[in-house]
Participant: 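Got a structure for you, questions after.
Residue numbers begin at 1 in each chain, while the letters A, B, ... track the order of the sequences.
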2 protein chains.
Amino acid sequence: MLTLRQMRYFGALASTRHFGKAAALANVSQPALSAQIMEMEEHLGCKLVERNRSGVLLTRNGMEALRRVQAILAEVERLEDAVRENGGILHGLVRIGIIPTVAPYLVPRLVPHLRRDHPDIEIELREAVTDRLVTDLLDGRLDTVIAALPIEADNVEVQPLFSDRFFMAMANNDRDVLMSPLTENQVDADRLLLLEEGHCLRDQALAVCGTAGKRSLVNFGATSMTTLLQMVSHDMGMTLIPEMAIPTETARNDLRIVPFAEPAPSREIGLIWRKSSGRAEDMAALAQAIAACVPANAG
Amino acid sequence: MLTLRQMRYFGALASTRHFGKAAALANVSQPALSAQIMEMEEHLGCKLVERNRSGVLLTRNGMEALRRVQAILAEVERLEDAVRENGGILHGLVRIGIIPTVAPYLVPRLVPHLRRDHPDIEIELREAVTDRLVTDLLDGRLDTVIAALPIEADNVEVQPLFSDRFFMAMANNDRDVLMSPLTENQVDADRLLLLEEGHCLRDQALAVCGTAGKRSLVNFGATSMTTLLQMVSHDMGMTLIPEMAIPTETARNDLRIVPFAEPAPSREIGLIWRKSSGRAEDMAALAQAIAACVPANAG
DNA sequence: TCAGCACGATAAGTTTTTCCTATCGAAGAA
DNA sequence: TTCTTCGATAGGAAAAACTTATCGTGCTGA
């Protein structure tokens, strides 16, 4: 079996053309180097050097081998450097999973921010419901997940990012005249519009409105926040809207946003990654970047 | 110190994503492989794999390392192949030294012949006097020498190639009326033109004409056979011409070629190489190629 | 919920590899 | 000739790598 040790010794021999000096260069005794060279020749099945009066000559095979050996040793050195230097924080590919009720409001601000502060980053995004994201995270298809807490998974590290208050959204011309601020039991569960199964915001909405057990009449399940709020703006009902979605969605739809009475219900958004990934530093940097993107909601 | 063994195990681990299977693939026990991976991580200063429930995951550093490791292992394999396959006979660079009284008559026929029969050959030629060629050979700057025998050097192998008879060349209008065939003592040493010091043909001419001790009047020493024969054709004297030079030189100059009486004097041209070069096969092929180039002179 | 299983880490002892010192033998130099 | 240089060889020590056996943890299914 060819070894790097043999190649290193052979490189030293080629550059000194002298067994003794090569051994000194390689910090071993001359017989040790001789033996390795002989073993290398044995393995390759041909002489690499000629031992002569006027020192050492490389054979033709030796020259060919030398070129390749030097290339290999250089490659090895680059491997050591590349992994050691490591590119610093948030370098290279980072695969981020984000739940659909956060992604559209965070991504447009987060990505440019990351690109600016970490020019070497390469971002891969996936948008899916929490369960799917956590599975992908645990299976190594994602490096980190941004989702609503709490997360039920072992072996993960969780860093809370910010708290995102809920508001009630309804059509501006809605006939309901709700108190503002709203108390949670004022909500008519039959008029509550929800996202489809699997979205954590659906469960949160049901929890907030105290209707976990009830069956909502209009519960067909929208596929996105935007769809949901379009329905709301067409006076088909009302829905819970997280604060971070308000600027974007009110710009798109004609909505009335009604706050809840304090203590306002909210969701906690957090960053999740595998404990064993050893990327706590990257994650801290990412958390910081996210915090810098949502100043209005920080809390 | 990074080793190829570590890389091979790491490659196996990356492809199986399972320590046990990787160990089987590498034909070692699982603890042995674990230890090598750990050592590699230690050396590189970072984790390469995450050990998890769902098997083994490569870290980001691990992926970077894997790419480089695979490249390195492929390079090593190519090194083994390249040296082992070896390209067959007369492949790659062959550095040939030829004495000046042979080169102009052999090279134009030999080089195309070699290129045709050994397409992978790369020929480097040097023309110099025997002493210089032998020094270069022994110092490894040449692979082989074509010169007149005998050669005084140790550690070399000698393969006689062909015998090259001498003729006397003189101007066609020379007043001397020599017997043909010529006997050696008929030559007027004072009219003998010679190459400069160092050429073996000079010494051979002096020996043939039995004038080793005499001082030739026109002994200023020409630098080449062609120069010498131009002088001859201008009736400045006569000179010994080897048979292989006759076709070329009589085409260039108006010469009278007179044979010697049998046994005609001759020189023996041979192929010389370092015993330790281990290229006997190459040299045999080269000798054969040369023989095929000089059929008229074969003897 | 608990035994069973899968998997990587650890332990202990053995084998293999690598190395060192000392010395040999050949070849060139004085 | 004798001396010196240089790579190879010998013998034994040190280091590396390997093996089997076992541990600990986390998942799985009765």
Participant: Would you kindly say whether B/Arg267 and B/Thr101 are connected by a side-chain donor-acceptor distance under 3.5 Å?
Facilitator: yes
Participant: Do any of residues 10-28 of chain B sit with a heavy atom less than 4.0 Å from DNA chain D, and if so which?
Facilitator: B/Val28
Participant: Rounding to a whole Å, what distance do you find between B/Met38:CE and C/dA11:P?
Facilitator: 10 Å
Participant: Check every strand shown and say whether B/Ala32 touches a base, only sugar-phosphate, or nothing at a heavy-atom separation below 4.0 Å.
Facilitator: base
Participant: Indicate whether OP1 or OP2 belonging to C/dA26 is found under 4.0 Å from a side-chain N or O atom of A/Arg51.
Facilitator: no
Participant: Send over the distance from B/Gln36 CD to D/dT19 P, rounded to a whole Å.
Facilitator: 11 Å
Participant: Within a strict 4.5 Å, meaning less than it, do heavy atoms of the A/Ile99 and A/Glu127 side chains meet?
Facilitator: no
Participant: Please check if the number of heavy atoms outside B/Arg132 that lie under 6.0 Å from its CZ is greater than 12.
Facilitator: no
Participant: Let's see if you can work this out: which of C/dA22, D/dC18, C/dT18 has an atom nearest to the side-chain heavy atoms of A/Arg5?
Facilitator: C/dT18
Participant: Which whole-number value in Å describes the distance from B/Leu57 CG to C/dG8 C1'?
Facilitator: 14 Å
Participant: What closest approach, in Å, do B/Glu41 and B/Leu48 show between heavy atoms, and which atom pair accounts for it?
Facilitator: OE2-N, 2.8 Å
Participant: Rounded to whole angstroms, how far apart are CD on B/Glu41 and P on C/dG8?
Facilitator: 13 Å
Participant: So among B/Val145, B/Ile272, B/Ile96, which one has a side chain to side chain contact (heavy atoms under 4.5 Å, CB included) with B/Leu133?
Facilitator: B/Val145
Participant: Rounded to the nearest Å, what distance is computed from the CG atom of residue A/Leu4 to the C1' atom of nucleotide D/dA16?
Facilitator: 15 Å
Participant: Compute whether any side-chain donor of one residue and acceptor of the other, for A/Glu122 and A/His91, lie under 3.5 angstrom apart.
Facilitator: no
Participant: Quick one: is B/Ser34 getting a side-chain N or O under 4.0 Å of the C/dA9 phosphate, OP1 or OP2?
Facilitator: yes
Participant: I need the OH-C1' distance between B/Tyr9 and D/dA16, as an integer number of Å.
Facilitator: 11 Å
Participant: Could you tell me whether B/Ser29 contacts a base, only the sugar-phosphate backbone, or nothing, with contacts defined as non-hydrogen atoms closer than 4.0 Å?
Facilitator: base
Participant: Does a side-chain N or O of A/Gln6 approach OP1 or OP2 of C/dT18 to a distance below 4.0 Å, or not?
Facilitator: no
Participant: Which is true for A/Gln30 with a 4.0 Å heavy-atom rule: it touches a base, it touches only sugar-phosphate, or it touches nothing?
Facilitator: base
Participant: Could you give the NZ-to-P distance, from B/Lys275 to C/dA26, as a whole number of Å?
Facilitator: 14 Å
Participant: Which part of the nucleic acid, if any, lies within contact of A/Glu39, taking any heavy atom under 4.0 Å across all strands shown: a base, the sugar-phosphate backbone alone, or nothing?
Facilitator: sugar-phosphate
Participant: For A/Arg126, I'd like to know if atom CZ has over 12 heavy atoms of other residues, nucleotides or ligands within 6.0 Å.
Facilitator: yes
Participant: Rounding to a whole Å, what distance do you find between B/Ile37:CD1 and C/dT10:P?
Facilitator: 14 Å
